[in-house]
Structures are given as structure tokens and as C-alpha cells.
Amino acid sequence: MTSIEMEIRTRLDIIFSKYTPNAQLTEFKEELIADLMEAYQDFAKQDKSHDEALDDAFDQLGDIDVVLRDLSQTNRTDEATHNDEPKKAPFIDISDDGFHIGNLHIDGQGVRLGDDIVIDGKHDKVQFGDWLHVDHDGARVGKKYYKFDDDTNINQSHFDDTVDDVKVPSWAAAHHNAQIPISDKQFVFDYHDAIVNFYTNDKTDLITVDEYFNRDNARYFAHIEENDDRVLISQGDHPLLFHVRTRINIGFPKNFDTGHITSINHSGRVIAQNLTLDTFNLIIHSGGFEGQQIKAKNASWEVHSGTIKADKLTFDKAEIFDKSGNVKLKNATIPHAKISATSGSVQVDHFIGGGQFSANSGFLRLRIDELTDDLKLHAHSSSLRVTAPETQHFNFDLSSNSGIVTVERHNNIHYDKNTPSYKRGFYGTNPKFTIDANANSGTIKVY
Amino acid sequence: MAISKELIRGHTDTIILNILSQGDSYGYQVSKSIRLLSHQQYELNEATLYTAFRRLEKGGAIASYWGDETQGARRKYYKITASGQQQLITALQEWEFAKDVISQLITGNMHEGVSL
């Protein structure tokens with residue numbers, strides 16, 4: 001048996017130990033071992049260390065407890081049917097197993113009243129009859145469903161496949177084109193309900209706006225207003241009763257590095273690629289952002305509900321905030337970064353720079369190529385994992401209020417303080433920058 | 001933009017049946033196929049996948065057997081059954097019918113050319 005297989009078995013044993021063993025659970029464990037070993041091999045290609053790849057492999061399991069509980073209970077109901085005289089539970093029962101009065105049960109799992117009202121602490125699930133369900137995936141209230149976005153991987157080929165090109169959409173019934181000379185004024189694009197696509201056009205000093213609609217009515221075309229310091233491009237009339245499919249392509253001249261651009265979008269996603277600007281600000285209320293190859297001095301992005309995915313970013317200073325959705329960045333060079341997510345996760349791969357990162361309820365995962373400044377990281381209720389640069393020396397100050405702190409480096413490491421939940425010290429001989437990380441209830445790992 | 005879980009949830013079984021109808025496979029490989037088929041837009045974690053495997057196996061749409069790997073851990077393979085094939089065909093017909101109707105319902109105009 002390889003040492004990897006041993007480690008996977010040991011970790012699985014811990015997860016499985018909560019359940020009474022049966023044949024189905026044992027078989028399932030064997031299945032998972034094979035899967036995890038293969039997942040480990042895949043992650044080992046992109047992660048730097050053994051432990052990282054192992055943690056990543058286990059992360060992709062998802063909420064495996066649901067399956068385990070199901071498998072362990074199948075057995076119990078089988079036994080119950082074999083047993084002809086099921087034991088009748090007393091009306092009031094207080095024991096180490098919990099507290100039961102009639103159909104009110106309070107135990108290690110949570111609180112249940114019949115089958116209707118369930119507060120399941122173990123699986124973070126709340127259910128009130130048919131009309132309220134809240135779990136890791138989302139919340140359903142009556143007929144409305146609110147998704148908690150939680151996909152965890154940035155995919156290599158993502159952008160190659162999905163960034164829409166600037167062709168005329170097949171459904172377009174009307175096309176409106178406007179050209180605006182560039183200047184150092186602030187350009188504000190304000191759209192209510194449209195897919196907005198920023199790209200680089202073939203002009204030298206013109207911004208091109210191409211609007212496509214699936215219904216032909218000149219009232220839908222954008223208005224352009226200009227005053228001394230800004231040009232406002234705002235979406236035209238917008239019928240309330242009918243949905244007008246709208247696609248906006250906005251082209252900037254190549255290397256428009258004096259351009260101050262702000263995009264406001266109320267509903268619909270925003271796509272941006274191959275841009276060189278001075279400022280690129282984004283406000284999206286409902287809809288995601290996908291970006292590739294964006295260069296700017298300043299960027300300030302605020303997304304209220306939607307995922308931010310971007311690759312190849314070069315900013316001097318960037319503030320990125322996602323209220324409800326994940327932030328996934330790749331190949332980001334940001335000397336002064338401030339990146340936060342309230343209810344989603346933050347994941348940054350191949351990061352060069354420094355600054356602040358925080359995640360309130362999702363995980364925080366950073367793979368750093370190079371530090372050019374101090375890092376301040378915070379995760380409120382989930383785990384925080386950082387891959388520090390391989391060759392660069394660094395100070396660290398890591399604390400978790402109720403989780404465990406581990407540093408997976410064993411040579412050239414010096415501790416000033418070393419307790420399970422607090423570690424301070426430095427790696428190497430000549431540390432310049434500090435990784436300061438704090439977690440409230442999750443664990444912290446530095447690789 | 002990510003595909004909404006609510007939208008895709010009802011199709012999980014059909015997705016798995018489609019993959020298994022193209023050859024026997026095991027858990028991790030099925031989840032990789034899903035990533036590949038969706039051009040990285042969708043992924044199922046192992047927990048969701050195995051819940052679906054169990055449901056499909058109980059319903060007789062798929063069956064499982066242990067592979068005879070000589071090296072490493074043993075793998076459990078899943079194969080589609082005749083009844084699973086039938087279920088897949090039915091699901092595809094339902095989808096072909098539903099997708100046009102739904103598309104008309106959510107994008108169609110009551111009075112073409114009239115706007116408010």
C-alpha cells in the first residue's frame with residue numbers, strides 16, 4: 001500500500017468513525033479511496049505540496065455526511081423490519097441520546113418537531129414544513145429559491161470556451177450603433193437589463209457601442225449625454241411587461257490607458273476581455289462578471305449577487321467586493337488588493353502582490369506566487385488556506401479563535417509562539433513581508 | 001454565470017444515464033465527464049453523485065460491479081441496465097418536448113410589435 005493510500009484511509013476512517021460500520025459503508029469507503037487517489041493525482045499536478053493536493057482532493061467530496069448517514073440508516077431500517085416487534089418509545093425520554101417528548105426530539109443532530117420542523121445543526125439545515133428550507137445549497141421560501149453559489153474550482157479552459165465573441169447574435173431583430181470619441185472624461189455605461197460585453201475594437205480613438213435587441217423599436221436605443229467631466233451612456237426605454245433580449249458590445253481602442261470606465265448593470269452579466277485602461281469600475285446588482293486579460297491602474301468592482309471570475313489581471317490597486325457569490329481570480333498581479341466576499345468563497349490562484357482578503361462565510365483559498373507587500377487575511381466561519389511562495393521568505397502571524405492553525409513547513413521555520421490555535425514566527429532567514437491571518441471558527445493552513 | 005442548481009437538479013439522473021450509456025464508468029470518472037461535457041460550467045461533487053448512484057441503483061436503472069484492478073485501490077464500476085436505457089430514452093423525449101415549450105413560454109411575446 002502506498003503512503004498516499006494510507007493517508008487517505010486514515011482521513012476517511014476519521015470521517016466514517018461517526019457511523020456504526022456496516023457492509024455498505026465499508027464498500028463505499030473502498031469506492032471513495034479509489035476516487036480520492038485519482039483526485040489526488042490530478043491535484044498534485046497543480047498544487048505545490050502533498051498536503052495541499054490531499055486537502056483539495058477531500059474538499060471536492062462535498063457534504064459526504066449526507067450519504068454516510070443514509071447508508072448507515074439503511075441498515076438500521078433493514079434491521080427494524082427483521083425485528084417483528086419494534087420497540088415502542090416512551091412518551092418522555094431523557095438520556096445520553098437526547099431529550100424526547102412525544103414527537104419533539106432534541107439531540108446531537110439538532111431539534112426536530114415531527115417531520116415538519118427541523119433544525120439540523122450537524123448539516124446546517126433548517127426546515128419549516130414545506131415552505132422554508134435552508135441548507136448549504138440555498139434557501140427556498142415558499143416558491144422562491146435563493147441559491148448559495150458554491151462551486152469550488154476555477155477551470156483552466158473556462159475562458160477559451162465561454163467568453164462570447166462580438167458577432168451579431170442570431171436572435172437580433174434590431175441593431176443600434178454609436179461611436180464616441182475618446183477623452184479623459186469619465187465614461188459611465190448604465191444598463192438595466194442587458195448582457196454587456198467589453199472588448200477591444202479596431203479603432204484608434206473611438207469607443208464603439210453596438211446594441212442588439214430581439215425586438216425592433218428605436219425607443220430601446222441608448223441615450224448618450226455629455227457634460228464637462230463625464231459621458232453617460234444609459235439604456236433606452238425598457239418595457240415592463242415584455243422581456244426584450246438585449247446584448248451590448250462596447251469596444252475600446254487598443255491601449256486606451258487614459259480611459260476611465262464605469263459600468264453599472266442592474267441585471268445581466270458583464271464580460272470584459274483584452275482591455276487596457278486607467279480605471280475600470282464595475283457595479284452589478286444581479287449577474288456575474290467574467291473577465292480576461294485586463295490591465296488598469298485602478299479597479300473597483302462591486303457585485304451584489306453573482307460570481308466574479310477573472311483571469312490575467314494586472315492592477316496597481318483593486319477593490320473587489322462580492323456580496324452574494326464567489327470570487328475566483330487567476331494569474332492576478334495586484335500590489336494593493338482588497339478583496340472580500342460576504343456569503344461566497346474567495347479563491348485566488350497565482351497571485352502576485354499584497355493586501356487584504358476576507359471571506360465571511362465561504363472559504364478563503366490563496367495560492368501566492370510572490371509577495372510584494374504584507375497580506376492580511378480573514379475568514380469568519382470557514383477555512384482559510386494559503387500557499388505561500390516557495391522560495392520567498394516571510395513572517396507569519398496566524399490565529400484562529402476556535403479552529404486549528406497548521407503550518408506545513410518543517411525546515412527553516414522559526415516560531416516565536418506556537419500553540420494549536422496561534423502561531424507566530426518566520427520562514428527563512430530574511431523575511432520581508434508578513435502573512436497575517438485570522439479565522440473565527442475555521443482552521444488556518446499555510447503550505 | 002453559473003448554472004442554477006435548481007434548474008439542473010431534475011436532470012441529474014439523466015445526465016448520469018447519458019454518460020453510462022456510453023460505457024461503464026466509476027465515480028470520479030463520471031464527475032470528470034460531467035465537467036468535460038459541460039465545458040467546465042457544471043460540476044457535481046461526490047456526495048451528490050453518490051446519492052444519485054444509490055437512487056438509480058435502487059430503481060434498477062444502473063447496476064454496479066467491482067473492477068479487477070491489479071494495482072492500487074479497487075474500483076466499483078457502474079453500468080446502465082436495459083431499464084435504465086429505456087428511462088434515458090423517455091427522459092430525452094420529455095426534454096425535447098419540454099425545452100421548446102419552456103423556451104416559448106419564457107421568451108415569447110403575446111403581441112408581436114406591441115410594446116408598453
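Quick note: numbers below take in every heavy atom, side chains included, and nothing from hydrogens, waters or symmetry partners. The chains referred to below are lettered A, B, ... by the order of the sequence lines, with proteins before strands, and numbering in each begins at 1. None of these values were measured; they are calculated from a predicted model.
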### Chi angles and distances behind the side chain to side chain contact (heavy atoms under 4.5 Å, CB included) call for Glu46(B), Leu36(A)
CA-CA 10 Å; Glu46(B) 304 249 327; Leu36(A) 285 164; 5.9 Å; no

Item to complete: Step by step, work out the side chain to side chain contact (heavy atoms under 4.5 Å, CB included) result for Gln60(A) and Glu43(B).
Response: CA-CA 10 Å; Gln60(A) 52 96 48; Glu43(B) 56 185 53; over 6 Å; no

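The CG atom of Asn45(B) sits 11.0 Å away from the CG atom of Asp59(A) when rounded to the nearest 0.5 Å. Distance OG1/Thr51(B) to CG/Leu71(A): 9.0 Å, rounded to 0.5 Å. Here Glu31(A) contributes atom CD and Lys76(B) contributes atom NZ; the two are 4.5 Å apart, rounded to the nearest 0.5 Å.
Across every non-hydrogen atom of Ala34(A) and Arg74(B), the tightest pair is CB-O, 3.5 Å. In plain terms, the two heavy atoms of Asp63(A) and Ala47(B) that are nearest each other are O-CB, 3.3 Å.
Taking Tyr28(B), Tyr26(B), Tyr50(B), Trp66(B) one by one and counting their heavy-atom pairs under 4.5 Å with chain A, the maximum is reached by Tyr28(B). Contact count against chain B (heavy-atom pairs under 4.5 Å) is highest for Asp42(A) among Asp42(A), Ile4(A), Asp237(A), Ile33(A).
For Glu7(A), there are no salt bridge (charged side-chain N to carboxylate O under 4.0 Å, His left out) partners two or more places apart in sequence or in a different chain.
Around the CG atom of Asp68(B), the shell of radius 6.0 Å holds no more than 12 heavy atoms that belong to other residues, nucleotides or ligands.
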